[in-house]
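See structure below.
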Amino acid sequence: MLGSASKAFFHLLAQSRTLKKLATRFAMRTGTPERRPRWGPGAPASFVRRFVPGETVEDAIHAARALEARGLTETFDHLGESVTTLAEAAAATTDYLDVVRAVIASGVERNISVKLTQLGLDVDRASAVDHLRKILELAGPAGFFVRVDMESSRYTAATLDIFETLWEHGYRQIGVVLQSDLYRSEEDLRRINALGARIRLVKGAYREPKSVGYQKKADVDAAYVRMMKVLITDGHYPAIATHDPEMIDLARRWASEHGVTSDRFEFQMLYGIRRDLQMMLVESGYRVRVYVPFGRDWFPYFMRRLGEHPANVAFVLRGIVSERR
Ligand SMILES: Cc1cc2nc3c(=O)[nH]c(=O)nc-3n(C[C@H](O)[C@H](O)[C@H](O)COP(=O)(O)OP(=O)(O)OC[C@H]3O[C@@H](n4cnc5c(N)ncnc54)[C@H](O)[C@@H]3O)c2cc1C
């Protein structure tokens, strides 16, 4: 995790519409079919593609096949968030339904992640719920698992509320995400775990005020460890989503000390991040799911990843310089 000042700086950049427009026009361009071969030896690695395999579902499925060939699994995220009109929310829902169909047709694993603001939570909550239901109605019977991602603390209560309501209505192939940087999360964990639902545990990608969240990395990590322990011994196929080797070691040790076998939980990491650690875990017999984001709206996601890790900024700068040559 970066210092909170630079995390805040990248979050600010992530919200810039002008930068987003510019970046979307230029940064992925080197990877488009008109400009160069998309895959294989002739395809230079664009600095965005390291973290986002492409703009289309075909790009994402291609990436998923490569992951599966190495013993990993995946969840697809069709990038997009914070839509401001119902028409955009409806379009995002249609896109997701198309993703579900494409994944079914491809034969890769059926697992997707969705954000409620992409489905219209900011515009009209009831419509966002309807949109999510539509996705669940198509994806559920086809054997998908649908993870509702967690966004900033502005949306925590609404997201959990919607999740719990859908659970009450009998939807079972859904799961949610809890962030250890929020004070409320340990209480949320107890309640949601009691339902029997699947939880993905993360540290939290958003800059949160001290009224709602821990400001020091040590406190976020300590809460992560407490929540991870509960999930591994008493959770329901939890996802331990982190690239932090210390957290991963602790999770492995806690599981083995408590007789929890490696098929009762999974590790999750983001596409392009700590691929060495992903493979080390698979080779040691653990399940690892990679979060595969794709789509035209990659800019805010990409900026959050830069904000988390200074080395990524250097990686991007190197990429820009070498692609200009
Ligand atoms: C599968 C998955 C799903 C997620 N879903 C959500 C969600 O729904 N809501 C949400 O708020 N957050 C989500 N996150 C992001 C999460 O909250 C963290 O912001 C992110 O994972 C970085 O924290 P960390 O646990 O990896 O550890 P940190 O303490 O941030 O980092 C530990 C080490 O991990 C490595 N590392 C971490 N981040 C990066 C990076 N960007 N690039 C390169 N190396 C890195 C570095 O070696 C670093 O030293 C998700 C993360 C994963 C892996």
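Residue numbers run from 1 in the order of the sequence given. Order of appearance sets the numbers: ligands from 1, and atoms from 1 within every ligand.
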Taking non-hydrogen atoms only, is [X] closer than 4.0 angstrom to ligand 1 via side chain, backbone, both or neither?
| X | result |
| --- | --- |
| K217 | side chain |
| I273 | side chain |
| Q179 | side chain |
| R274 | side chain |
| V177 | side chain |
| E308 | side chain |
| K203 | both |

For this session: Begin from the C-alpha positions of D122 and Y155 and carry the test side-chain hydrogen bond (donor to acceptor under 3.5 Å, both in side chains) through to its verdict.
Result: CA-CA 9 Å; D122 270 332; Y155 305 105; 2.8 Å; yes

For this session: Return yes if some donor-acceptor pair links the side-chain N/O of S185 with the main-chain N/O of Q179 below 3.5 Å, else return no.
Result: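 Yes, the answer is positive, given that a donor and an acceptor are paired below the 3.5 Å cut-off.
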
Problem set entry | Side-chain cluster (under 4.5 Å, hydrophobic types only) that L182 belongs to, other residues |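 Members besides L182, by chain and number: V212.
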
Please check whether [X] reaches ligand 1 - meaning an N/O of the residue sits under 3.5 Å from an N/O of the ligand, judged on distance alone.
| X | value |
| --- | --- |
| Q268 | no |
| D221 | no |
| Y291 | no |
| M269 | no |
| A205 | yes |

Exercise. When you check the side-chain N and O atoms of R207 and S152, is any donor under 3.5 Å from an acceptor?
Worked result: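 No pair is found: no donor N or O on one side chain lies under 3.5 Å from an acceptor on the other.
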
Problem set entry | Donor-acceptor pair between T242 and D244 side chains, under 3.5 angstrom |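 No.
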
For this session: Mark up the atoms of ligand 1 that fall under 4.0 Å of a heavy atom belonging to G204, in ascending order.
Result: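 Heavy-atom distances to G204 below 4.0 Å select 11 (O), 16 (C), 17 (O), 19 (O).
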
For this session: Under 4.0 Å from a heavy atom of D149: give me the atoms of ligand 1 that qualify, with their elements.
Result: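 Every atom of ligand 1 under 4.0 Å from some heavy atom of D149: 8 (O).
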
Exercise. Using 30° and 60° as the class limits, which term best fits the ring planes of Y286 and F267: parallel, tilted or perpendicular?
Worked result: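 Answer is perpendicular, since the angle exceeds 60°.
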
Quick one: which of [options] has a heavy atom closest to [atom]?
| atom | options | value |
| --- | --- | --- |
| atom 14 (N) of ligand 1 | T75, L182, V202, V292 | V202 |
| atom 24 (P) of ligand 1 | T242, V220, D77, L277 | T242 |
| atom 21 (O) of ligand 1 | H243, E266, R304 | H243 |

For this session: Could you tell me whether R305 sits above the aromatic face of Y301, with NZ or CZ closer than 6.0 angstrom to the six-membered ring centre and within 45 degrees of the axis?
Result: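 Positive - R305 is close enough to the ring of Y301 and near enough to its axis.
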
Problem set entry | side chain to side chain contact (heavy atoms under 4.5 Å, CB included) assessment of V103 paired with F76 | CA-CA 9 Å; V103 169; F76 295 101; 3.7 Å; yes

For this session: Could you tell me whether ligand 1 has any atom less than 4.0 Å away from a heavy atom of K115?
Result: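 In this structure, K115 fails to qualify as a contact of ligand 1 - no heavy atom is under 4.0 Å.
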
For this session: Tell me, please: is R200 in heavy-atom contact with ligand 1, that is, under 4.0 Å?
Result: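 Checking ligand 1 against R200, which is what was asked, there is a heavy-atom contact under 4.0 Å.
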
Problem set entry | side-chain contact (heavy atoms from CB on, under 4.5 Å) partners of T85, counting only residues at least two apart |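 In terms of side-chain contact (heavy atoms from CB on, under 4.5 Å), with neighbours along the sequence ignored, T85 is linked to A87, E88.
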
For this session: Examine F265 together with Y237 and report whether their ring centres are nearer than 6.0 Å.
Result: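 So the answer is no for these two rings.
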
For this session: May I ask whether V99 and I174 are part of the same hydrophobic cluster, defined by side-chain heavy atoms of I, L, V, M, F, W, Y residues being less than 4.5 angstrom apart, directly or through others?
Result: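 Yes, it is one cluster - the side chains of V99 and I174 are joined through contacts under 4.5 Å.
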
Exercise. Quick one: OH on Y171 to CH2 on W167, what's the gap to the nearest 0.5 Å?
Worked result: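 Reported to 0.5 Å precision, the distance equals 13.5 Å.
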
